[in-house]
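Reading through the structure tokens given below for one structure.
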Amino acid sequence: MIQKISEQEQIRRDALRELQELGIDPYPPQTFMINACAREIKENFPNNQSLYQDVQVAGRIMSRRIMGSASFAEIQDDSGRIQLYFNRDEICLSDDKTMYNTVFKRLTDIGDIIGVRGFVFVTKMGETTVHVKEFTILCKSLRPLPVVKEKEGKIYHAFTDPEQRYRQRYLDLIVNSEVKEVFRQRATLIQSMRDFLLKRGYLEVETPVLQPIYGGAAARPFKTYHNTLETTLYLRIANELYLKRLIVGGFDGVFEFAKDFRNEGMSRFHNPEFTQMELYVAYKDYDWMMDLVEEMVENIALDMHETTSLQVGEHTIDFKRPWKRYTMYEAIEHFTGTDISDMDEARMRDFAQNIGIETDQSMGRGKLIDEIFGEKCEPHLIQPTFITDYPVEMSPLAKKHRSKPGLVERFEAICNGKEICNAFSELNDPIDQRQRFEEQIELGRRGDPEAMMLDEDFLKAIETGMPPTAGLGIGIDRLAMILTNSKSIQDVLFFPQMRPEKTASVQGSYAEFTQAGIPGQWAELLEQAGYGSLKSLHEANPNKVFNQLCGLRKKLKLDIPAPGIEEVTSWINT
RNA sequence: GACUUGGUAGCUCAGCUGGUAGAGCACGUCCCUUUUAAGGAUGGGGUCCUGGGUUCGAGUCCCAGCCAGGUCACCA
């Protein structure tokens, strides 16, 4: 017993063998020619019934209704579902009715993939249907599929358990048709953004995921090790510092759709790996970048939904330009009624505590402002809003504000209470940049686990000279969540990170047991009782093992004599 | 990480105050030439997440653990 098999799985394996005995290959190698898909047939046939009189379609069987010598089934291809009509005497032209009676009715199951050839007609019930003349099994499915039924928008027996949906996303995609649509929309989002940027002449580039020094954001990294180089490497938390090196190198506009990795908590807004698009454009500033973001996101919304106004949860969000713009101090004053722009660190800490924010000594003035904003403002910003002019302490890569001391030229776009992008006029003064890194090191000493590292190689690049540059990072997953009305990041990632499933390792122990002279039936039960190896069996109490075996024998109603206690003891002691 | 809810058949779920594990769908068998979540009849299918404890007796109560969801914390 290598694998535990349910009754339904065993029935399918038996069917598989029977197909092979009939000379039918359940996994044929050759191309199956397809000349139509479910959706186009259903769209076009009602208007012109001369179409599709010799079609070949293929897909997965999703339902079957068998009535003697006539049957209906539905198959699902990438475009949707279509009904099939099978008639015994048309599938089987001779007296041999095996193909219908045995192969179709008995050996074919929901979940199998078949190809059919036939003509399209409309049933009495008004359903566009393929009248099947021939069918071919293309893949026998060995596991039963969750069967979801639907009538007038009402779903019966929905496949809803989130754990199973994410771990076995293929089932989710097969059975929950709206899931596929979310990922198609995500693809549209990315394509729309890429087209927008390429049309402006920016270069799409790729930069390292494995980095000797992680940087470009405040976050904890994943750490790994390169054997040949004998060096620690980090999975990137951002690609900012590499893209800026390319601006130094003379490209005027570069962007990258980057997988970034952050070794932090998980939630419905956070996955350890996520996608971010970063863009850097030379000779521009953050005001220019705000205009670009507005235009780009509005454009994406139109490409995805043909409107800028979307229902997201309980809110209607409109991405139509122009978006509201607040400075950070204005936003805080707006939501707390207090102007904090002139407070020093001590007064600000008092103020933060007074409005119920926890603080500690590792927090500098900038971090305090960030906390106040994150607590009191961000959740209330539902419509897309730009927040500008951040304190210098929390933005070590952004250029000092041209007119407001202590601030930098930075903005974030907030939407539905969450940040969707972050951008600044990039710092290109190498002396200032070195000082900022040193301040980060100081913050690190005070205990800020997210303080940045000093990247000497990056400083060397900036010292070579980077033109004034506007930079942007935009979270693709967060944007996809909003634009697809998904309440969890797991719904816009095919395979969200999950804790590995704990599976009892019983493989091979059966063979080990039988080799040690234990009869096969009992070896099987020992596996079921949780003994994964001879070693674990030898460590067990013989009385307990004996009781477990007798219990299982009774539970499974096995028609075999119970083992003697001496017998069990002898297995354990040999 | 904290709190909280859940884990029972392939899927969705019920199972009261502790007393022989249930339903629908799916599956098997038989009958049936156009059905629409469902043609009719009938039958099989369970490590009640795991391990301890209480009890004459645990799916149910207690403790510990595993996995997942939610909220919060952390975190762009």
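Throughout, protein chains are lettered first and strands after them, A, B, ... in sequence-line order, and every chain is numbered starting at 1. Given the structure is predicted, the values throughout are model-derived calculations rather than measurements.
Between Ile11(A) atom CD1 and G28(B) atom P there is a gap of 6 Å when expressed in whole angstrom units. As rounded to whole Å, 10 Å separates atom P of U12(B) from atom CG of Leu171(A). In this structure, the CE atom of Met266(A) is 14 Å from the P atom of U71(B), given to the nearest Å. Residue Asp161(A) contributes atom CG, which lies 14 Å from atom P of C49(B) at whole-angstrom precision.
Within the 4.0 Å cut-off from OP1 or OP2 of G70(B), not a single side-chain nitrogen or oxygen of Arg268(A) is found. The phosphate of U33(B) has neither OP1 nor OP2 within less than 4.0 Å of any side-chain N or O from Arg88(A).
The aromatic rings of His380(A) and Phe335(A) sit parallel to each other, their planes meeting at less than 30°, with 60° as the upper class boundary. In this structure, Tyr100(A) and Phe104(A) have parallel ring planes: the angle between them is below the 30° cut-off, well short of the 60° mark. The aromatic rings of Phe72(A) and Tyr85(A) sit tilted, their planes meeting at an angle between 30° and 60°.
Contacts of Ala219(A) with the nucleic acid, taken as non-hydrogen atoms under 4.0 Å apart, involve only primed sugar atoms and P, OP1 or OP2. Nucleic acid contact for Glu412(A): base, since at least one base atom lies under 4.0 Å from a heavy atom of the residue. Contact annotation for Phe121(A): base contact, defined as any heavy-atom pair under 4.0 Å involving a base atom. Residue Arg106(A) is classed as a sugar-phosphate contact, given heavy-atom separations below 4.0 Å to backbone atoms only.
When Watson-Crick and G-U wobble pairs are counted only if both distances are under 3.5 Å, G6(B) pairs with C67(B). For U34(B), there is no paired nucleotide, since no Watson-Crick or G-U wobble pair has both relevant distances below 3.5 Å. Of the nucleotides present, none pairs with G45(B) by Watson-Crick or G-U wobble criteria with both distances under 3.5 Å. Summarising the base pairing, C11(B) is matched to G24(B) through a Watson-Crick or G-U wobble pair whose two defining distances lie under 3.5 Å. Under the Watson-Crick or G-U wobble criterion, with both distances below 3.5 Å, A73(B) is left unpaired in every strand shown.
Residue side chain Thr123(A) reaches the base of U36(B) through a donor-acceptor N/O pair under 3.5 Å, judged by distance alone.
For the residue pair Ser79(A) and Asp77(A), a side-chain donor N or O sits within less than 3.5 Å of a side-chain acceptor on the partner.
With U35(B), A68(B), A73(B) as the choices, the nucleotide that has an atom nearest any side-chain atom of Glu127(A) turns out to be U35(B). The Met67(A) side chain lies nearest to U35(B) when the options are C67(B), G69(B), U35(B). The listed nucleotides are C32(B), G69(B), U33(B); the one nearest the side chain of Asn87(A) is U33(B).
Interatomic distance, Asn176(A) CG to Phe159(A) CZ, rounded to the nearest 0.5 Å: 7.0 Å. Here Asp172(A) contributes atom CG and Tyr166(A) contributes atom OH; the two are 8.0 Å apart, rounded to the nearest 0.5 Å.
Of the charged side-chain nitrogens involved, at least one lies within less than 4.0 Å of a carboxylate oxygen, so that Glu256(A) and Arg236(A) count as a salt-bridged pair. In summary, Lys367(A) and Glu393(A) do not engage in a salt bridge, as defined by a charged side-chain N under 4.0 Å from a carboxylate O. A salt bridge is defined here as a Lys NZ or Arg NE, NH1 or NH2 lying under 4.0 Å from an Asp or Glu carboxylate O, and Glu419(A) with Arg478(A) fails to meet this definition. Using a cutoff of 4.0 Å between basic side-chain nitrogens and carboxylate oxygens, Arg106(A) and Glu18(A) are scored as salt-bridged. The pair Glu9(A)-Arg143(A) meets the salt-bridge criterion, with a side-chain N (NZ, NE, NH1 or NH2) lying under 4.0 Å from an Asp/Glu carboxylate O. Between Arg186(A) and Asp477(A) there is a salt bridge, since a side-chain N of the basic residue sits under 4.0 Å from a carboxylate O of the acidic one.
Atom P of A64(B) sits at a distance of 32 Å from the matching atom of G22(B), rounded to the whole Å. The separation of C63(B) from C25(B), taken at their P atoms, amounts to 39 Å, rounded to a whole angstrom. With P as the reference atom, U8(B) and C30(B) are 33 Å apart, rounded to whole Å. Here, G10(B) and U5(B) have their C1' atoms 25 Å apart, quoted to the whole Å. Only the C1' atoms considered, G24(B) is 24 Å distant from U47(B), to the nearest whole Å. Comparing the C1' positions of G19(B) and A58(B) gives an interatomic distance of 10 Å, to the nearest angstrom. Comparing the same atom, P, in G6(B) and in C13(B) gives a spacing of 13 Å after rounding to whole Å. A gap of 23 Å separates the C1' atoms of U55(B) and C49(B), to the nearest Å.
Non-hydrogen atoms lying under 4.0 Å from RNA chain B are contributed by Glu419(A), Asn422(A), all within residues 417-425 of chain A. Using a 4.0 Å cutoff on non-hydrogen atoms, the parts of residues 481-490 of chain A near RNA chain B are Gln490(A), ordered by number.
Position along RNA chain B of the nearest nucleotide to Met125(A) versus Tyr390(A) favours Met125(A) as the more 5'-ward residue. Closest-nucleotide positions on RNA chain B for Glu375(A) and Lys124(A) were compared, and the one nearer the 5' end corresponds to Lys124(A).
Side chains of Phe424(A) and Glu409(A) form no contact here, defined as non-hydrogen atoms less than 4.5 Å apart.
At most 12 heavy atoms of other shown residues, nucleotides or ligands fall within 6.0 angstrom of atom CZ in Arg220(A).
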Please write out each protein N/O paired with an N/O of nucleotides 6-10 of chain B under 3.5 Å, distance rounded to 0.1 Å.
from, atom 1, to, atom 2, distance (Å)
G10(B), N9, Gln8(A), NE2, 3.4
G10(B), N7, Gln8(A), NE2, 3.1

